[in-house]
Amino acid sequence: MPVTPAKPLSLDDIPHPPLTPVVGHTLDLLRDPIGLHMGAAQTYGPVYKVKVLGQWRVSLGNADALEFILGDTQKLFSSYEGWDMLHRLFPGGLMLRDFDDHRAHRRIMQAAFRKPVMDAYRARLETATTTLLTDWQADQPFKFFPAIKDMTLRMGAAVFMGLDLDDPRADLLSNAFRAEVAAATSVIRKPVPFTKMARGMAARATLTQNFAKMIPERRAAPGDDFFSQMVLAADEDGNSWDAEDLVDHFNFLMMAAHDTTASALTKVAWALATYSDWQDRIISEVDALPDGPIDDAGLASLQATDLVFKEALRLLPPVPLIPRRAVRDFEWQGHIIPAGTWVSASPGTVMMSPEYWTEPEKFDPDRFGPDRQEDRTHKYAWAPFGGGAHKCIGLHFATMQVKIFLAALLKTYRIEHASDAPIDWIRVPIPQPKGGLPVVLRKRAQ
Ligand code: HEM
């Protein structure tokens with residue numbers, strides 16, 4: 001008997017959670033993106049869609065889908081189009097470029113991440129961290145998230161811009177930077193006067209003017225900060241950036257680096273205050289570091305720190321959803337998805353899936369240890385830094401920053417919760433604890 005070929009499924013056949021009139025799933029996504037996606041995946045399976053700001057966004061679900069979307073061997077998915085929320089404030093950033101153009105710019109940026117300059121950033125990070133930590137006092141409860149956000153921004157002035165920590169420009173630029181980032185997720189997308197977007201656009205103008213002024217200074221006397229290294233950056237064929245590209249890349253880099261690291265460090269601080277056995281393990285390895293500046297061997301010896309950082313990123317990834325837009329029709333598991341559809345890769349749900357992780361809800365850093373290696377169950381089972389052509393270029397820098405911070409902090413203090421109240425985590429605009437995570441530092445007995 002002849003077999004009738006199965007009718008290909010279309011976008012219309014993809015299931016979705018019940019829609020709220022007018023807003024669709026927009027408010028659910030803003031309130032709890034992972035909850036929305038986990039719930040939809042449990043009900044409908046890996047392929048489903050949600051409607052955000054009037055547009056359908058298709059989620060393809062599991063780790064194979066992450067590999068398909070982020071690995072993008074067929075050049076199907078535009079990152080520029082996917083990250084449309086950043087177009088106004090961060091034009092020209094590396095993540096907002098596609099395919100050959102992206103590759104050409106990434107090759108140039110790679111020069112600012114070479115080993116010798118990473119060593120120089122490490123030294124700057126260590127000095128700035130030690131200095132800034134002197135403002136943190138023992139026995140006085142404070143909110144960790146705003147404090148670490150402030151510290152990473154001030155460190156940005158030193159390590160990214162090469163300014164002294166007390167340079168008056170540092171505060172001006174930090175404030176402008178906060179306004180610019182706040183605007184990226186504001187609901188009103190046009191710079192209507194007195195809105196977050198209008199303030200964000202004004203802040204962008206302040207930042208870009210200041211960065212443009214710094215270019216000739218740094219060309220004349222380059223330092224070992226990110227900005228100088230980006231002024232000098234060239235690929236192996238000698239291609240470099242003009243002033244406009246340079247300013248746009250730097251502006252984007254600052255955004256990509258700060259809130260992500262502050263969010264991850266907050267989850268790490270929560271973990272240490274909650275699981276004192278893990279804090280003890282990290283303190284032992286910090287105590288075993290030789291005196292003097294931390295070097296590669298010292299960083300590599302911080303293995304429990306590595307496990308806790310990985311687990312923190314799994315449980316609360318700073319970037320749980322990665323948006324793309326299809327540039328051509330494509331097929332996924334029998335569905336024909338038309339060009340122009342927004343597609344979400346979702347490392348946040350993959351990293352909580354029992355398909356790859358035992359008891360995914362549990363804080364259990366040993367799952368990454370040599371005996372278990374749960375992150376090896378699939379190339380994309382653990383993907384807080386994304387993957388493929390746009391994989392986070394700052395992942396080693398972020399790991400270095402986290403280790404340097406913890407080594408400096410735990411050399412002197414233990415960290416404890418300052419309140420017994422349960423902690424609620426919000427995901428938007430960047431994952432963070434409601435209430436800021438009240439903690440207290442206690443001086444360690446020496
Ligand atoms: C824990 C901290 C961090 C996390 C979780 C994180 C996460 C990510 C993710 C998921 C992407 C890929 C986005 C996509 O594919 O659309 C990305 C890209 C990027 N990240 Fe990070 N990031 C972190 C820290 C940093 C730092 C410290 C820097 C700079 C020093 C940085 C610079 C960048 C840049 C420039 C891109 C764009 C890369 C490209 O498009 O080629 N990130 N990051």
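All ligand and atom numbering here is 1-based and tracks the order in the structure.
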What's the shortest distance from [atom] to any protein heavy atom, and which residue and atom give it?
atom                    : value
atom 6 (C) of ligand 1  : Phe385 CD2, 3.7 Å
atom 33 (C) of ligand 1 : Ala256 CB, 3.6 Å
atom 7 (C) of ligand 1  : Pro384 O, 3.6 Å
atom 8 (C) of ligand 1  : Cys392 CB, 3.6 Å
atom 13 (C) of ligand 1 : Met95 SD, 3.5 Å
atom 15 (O) of ligand 1 : Arg324 NH2, 2.7 Å
atom 35 (C) of ligand 1 : Ile393 CG2, 3.5 Å
atom 40 (O) of ligand 1 : His390 ND1, 2.6 Å

Under 6.0 Å between ring centres: does that hold for [X] and [Y]?
X      : Y      : value
Trp56  : Tyr48  : no
Phe160 : Phe397 : yes
Phe77  : Phe68  : yes
Phe144 : Trp136 : yes

Please state which part of [X] comes within less than 4.0 Å of ligand 1, counting heavy atoms only: side chain, backbone, both or neither.
X      : answer
Ser263 : neither
Arg97  : neither
Arg106 : side chain
Leu94  : both
Gln401 : neither

[X] neighbourhood, listing ligand 1 atoms whose heavy-atom distance to it stays under 4.0 Å:
X      : result
His102 : 39 (C), 40 (O), 41 (O)
Gly386 : 10 (C)
Ile322 : 10 (C), 14 (C), 15 (O), 16 (O)
Ala389 : 41 (O)

Tell me whether [X] at atom [atom1] has more than 12 heavy atoms from other residues, nucleotides or ligands lying less than 6.0 Å away.
X      : atom1 : value
Lys310 : NZ    : yes
His396 : NE2   : no
Glu331 : CD    : yes
Tyr413 : OH    : yes
Arg376 : CZ    : no

Item to complete: Just go through Trp83, Phe160, Phe113 and tell me whose heavy atom is the nearest to atom 16 (O) of ligand 1.
Response: Trp83
Worksheet entry | Non-hydrogen atoms of Leu316 and Ser263 that approach each other most closely | CD2-OG, 4.4 Å
Worksheet item: Is the shortest N/O to N/O distance between Thr260 and ligand 1 below 3.5 Å?
Response: no
Worksheet entry | Geometric N/O contact Lys391 with ligand 1, under 3.5 angstrom | no
Discussion item. With heavy-atom distances below 4.5 Å as the criterion, would you say the side chains of Ile69 and Ile322 are in contact?
Written reply: no
Discussion item. For the CG atom of Leu125 and the CE atom of Met118, what is their distance to the nearest 0.5 Å?
Written reply: 9.0 Å
